Peer 1: 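Here it is, the structure, as structure tokens.
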Amino acid sequence: LGFVTVASTIETPLYELYMMAPPGIAVVSSCLNVRMVTAEAIDDAWQAVAAASREVAAYHLDHLIISGAPLAYSRGSGADRQLIALVEAACGVTTTFELTASIDALRYLGTTRIGIASPFGNASNERIRSFFEAEGFEVSAVNGLGYDANPDITRLPLEAVYDIARSVHRRAPDVEAIYIACPRWPVAPMIEPLESDLGVPIVTSVQSALWAALRALERAIAITANQA
């Protein structure tokens with residue numbers, strides 16, 4: 001798998017990819033150097049994503065993941081699909097975009113009424129809300145921790161994601177699922193405890209991106225087997 005992130009480093013999402021991936025998966029990674037989520041930084045990342053994808057694709061990928069929901073939600077509805085088309089045309093590798101994968105996962109689970117937990121401040125959270133609402137979801141609650149700098153988000157403790165997800169559920173106990181935005185903060189070890197405690201599915205960025213990538217690989221293997 002290839003993995004291109006908007007961030008300037010890749011430690012947390014790469015760790016969680018290997019934590020959740022089945023044996024035999026290797027990840028080739030690259031970064032787009034966004035340290036702080038700002039409009040200018042995200043525009044620069046959009047311009048750089050095609051070149052980064054071509055570089056990673058040179059390492060003989062079977063599938064590519066692009067990570068960085070701000071690339072899409074900062075541009076509005078449909079931007080995720082535009083990004084996938086841009087990257088696939090640039091590098092010739094089938095591509096999963098993190099935010100699209102999360103939306104697909106929520107639909108796969110049959111959910112329409114969701115809560116959103118994030119490490120971000122209000123401006124980013126409202127853009128995320130608008131994006132999901134444009135995709136047809138009812139967003140009952142959005143809670144964030146007020147961070148927009150990746151170095152700060154990376155250092156958040158596991159308890160932070162647990163507490164903010166629980167606060168979303170307290171505000172909207174009738175949600176059918178909770179989406180936890182951003183692959184930058186540690187999340188994976190809290191998925192099962194939260195699902196057990198809250199009784200609803202938890203969909204996270206790295207989790208859903210890996211799920212979508214593995215499904216794409218399974219389809220590719222099936223097609224190859226049928227052709228043989």
Side-chain angles (χ1 to χ4, degrees), residues 5-13 16 32 34-43 45 67-77 79-80 97-103 105-106 111-191 193-195 197-198 200-209:
T5 176
V6 300
S8 54
T9 62
I10 198 168
E11 70 294 328
T12 306
E16 293 203 345
L32 298 177
V34 174
R35 185 183 300 174
M36 172 76 76
V37 179
T38 65
E40 181 180 7
I42 295 305
D43 283 345
S67 174
L71 284 168
Y73 70 64
S74 63
R75 290 175 175 245
S77 178
D80 57 330
F97 180 54
E98 163 214 323
L99 184 58
T100 310
S102 295
I103 289 168
L106 288 164
T111 62
T112 57
R113 187 172 58 256
I114 65 170
I116 297 175
S118 94
F120 302 128
N122 290 335
S124 293
N125 287 334
E126 286 308 307
R127 292 188 184 98
I128 296 171
R129 178 200 290 273
S130 296
F131 196 93
F132 274 84
E133 289 177 341
E135 291 291 330
F137 292 94
E138 177 187 341
V139 181
S140 299
V142 182
N143 280 13
L145 293 174
Y147 296 96
D148 286 298
N150 282 322
D152 295 332
I153 294 170
T154 294
R155 297 183 68 247
L156 289 169
L158 285 171
E159 291 79 5
V161 69
Y162 184 86
D163 291 344
I164 197 72
R166 280 184 61 86
S167 73
V168 168
H169 195 260
R170 282 196 299 270
R171 284 184 59 192
D174 62 340
V175 295
E176 298 167 331
I178 294 176
Y179 165 62
I180 300 179
C182 187
R184 175 56 39 189
W185 57 341
V187 170
M190 291 291 103
I191 294 173
L194 281 167
E195 289 184 333
D197 290 351
L198 304 181
V200 296
I202 302 295
V203 172
T204 78
S205 300
V206 174
Q207 169 211 45
S208 54

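Since this is a predicted model, take the numbers as computed values, not measurements. Residues: numbered from 1 along the sequence shown.
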Peer 1: Going from CG on N150 to CD on E11, what distance comes out if it is rounded to the nearest 0.5 angstrom?
Peer 2: 8.5 Å

Peer 1: Check the surroundings of atom CZ in R113: do more than 12 heavy atoms from other residues, nucleotides or ligands lie under 6.0 Å from it?
Peer 2: yes

Peer 1: If I compare all heavy atoms of I128 with all of A181, which pair ends up nearest, and what's the gap?
Peer 2: CD1-CB, 4.1 Å

Peer 1: If every non-hydrogen atom of S124 is compared with every non-hydrogen atom of D148, which pair is closest and at what distance?
Peer 2: OG-OD1, 3.2 Å

Peer 1: Within the distance-only criterion (no hydrogens, no angle test), does the side chain of S140 pair as donor or acceptor with the backbone N or O of G115 below 3.5 angstrom?
Peer 2: no

Peer 1: Passes side-chain contact (heavy atoms from CB on, under 4.5 Å), I114 versus L106? Steps please.
Peer 2: CA-CA 9 Å; I114 65 170; L106 288 164; 4.1 Å; yes

Peer 1: Before giving the answer on side-chain hydrogen bond (donor to acceptor under 3.5 Å, both in side chains), spell out for T38 and E40 the whole-Å C-alpha distance, their side-chain angles and the decisive distance to 0.1 Å.
Peer 2: CA-CA 5 Å; T38 65; E40 181 180 7; 5.5 Å; no

Peer 1: Please round to the nearest 0.5 Å and tell me the distance separating atom CD1 of I153 and atom CZ of R35.
Peer 2: 13.5 Å

Peer 1: Take T9 and R184 through the side-chain contact (heavy atoms from CB on, under 4.5 Å) test and state the conclusion after the steps.
Peer 2: CA-CA 9 Å; T9 62; R184 175 56 39 189; 3.3 Å; yes

Peer 1: Run the numbers on V6 and L32 for side-chain contact (heavy atoms from CB on, under 4.5 Å), then give the verdict.
Peer 2: CA-CA 4 Å; V6 300; L32 298 177; 4.2 Å; yes

Peer 1: So, the side chain of E16 versus the backbone of V187: is there a donor-acceptor pair under 3.5 Å, distance only?
Peer 2: yes

Peer 1: What heavy-atom pair brings T204 and S102 nearest, and what distance separates the two atoms?
Peer 2: O-OG, 3.9 Å

Peer 1: Quick one: CG on N143 to OG on S167, what's the gap to the nearest 0.5 Å?
Peer 2: 3.5 Å

Peer 1: How close do A141 and A172 get, counting heavy atoms only, and between which atoms?
Peer 2: CB-CB, 3.9 Å

Peer 1: So which heavy atom on E195 is nearest to which on I202, and how close?
Peer 2: OE2-N, 2.9 Å

Peer 1: Please round to the nearest 0.5 Å and tell me the distance separating atom CE of M190 and atom OH of Y162.
Peer 2: 8.0 Å

Peer 1: Taking R171 for its side chain and V142 for its backbone only, find out whether a donor-acceptor pair lies under 3.5 Å.
Peer 2: yes

Peer 1: Within a strict 4.5 Å, meaning less than it, do heavy atoms of the L99 and Y179 side chains meet?
Peer 2: yes

Peer 1: Less than 4.5 Å apart, any side-chain heavy atom of E176 and any of V200?
Peer 2: no

Peer 1: Going from CD1 on I103 to CZ on F132, what distance comes out if it is rounded to the nearest 0.5 angstrom?
Peer 2: 5.0 Å

Peer 1: Tell me, yes or no, whether the heavy-atom count around Y147 atom OH, taken from other residues, nucleotides or ligands under 6.0 Å, exceeds 12.
Peer 2: no

Peer 1: Within this structure, what is the CZ-CG distance for the pair F120 and N125, rounded to the nearest 0.5 Å?
Peer 2: 7.5 Å

Peer 1: Taking all non-hydrogen atoms of both residues, which atom of F97 and which atom of G68 are closest, and how far apart?
Peer 2: CZ-O, 3.4 Å

Peer 1: Decide yes or no on side-chain contact (heavy atoms from CB on, under 4.5 Å) for S208 and E98, but give the supporting numbers first.
Peer 2: CA-CA 7 Å; S208 54; E98 163 214 323; 5.6 Å; no

Peer 1: Do R75 and D43 meet the salt-bridge criterion of a basic N to acidic O distance under 4.0 Å?
Peer 2: yes

Peer 1: Quickly, which of L145, I116, I178 forms a side chain to side chain contact (heavy atoms under 4.5 Å, CB included) with I164? Name it, please.
Peer 2: L145

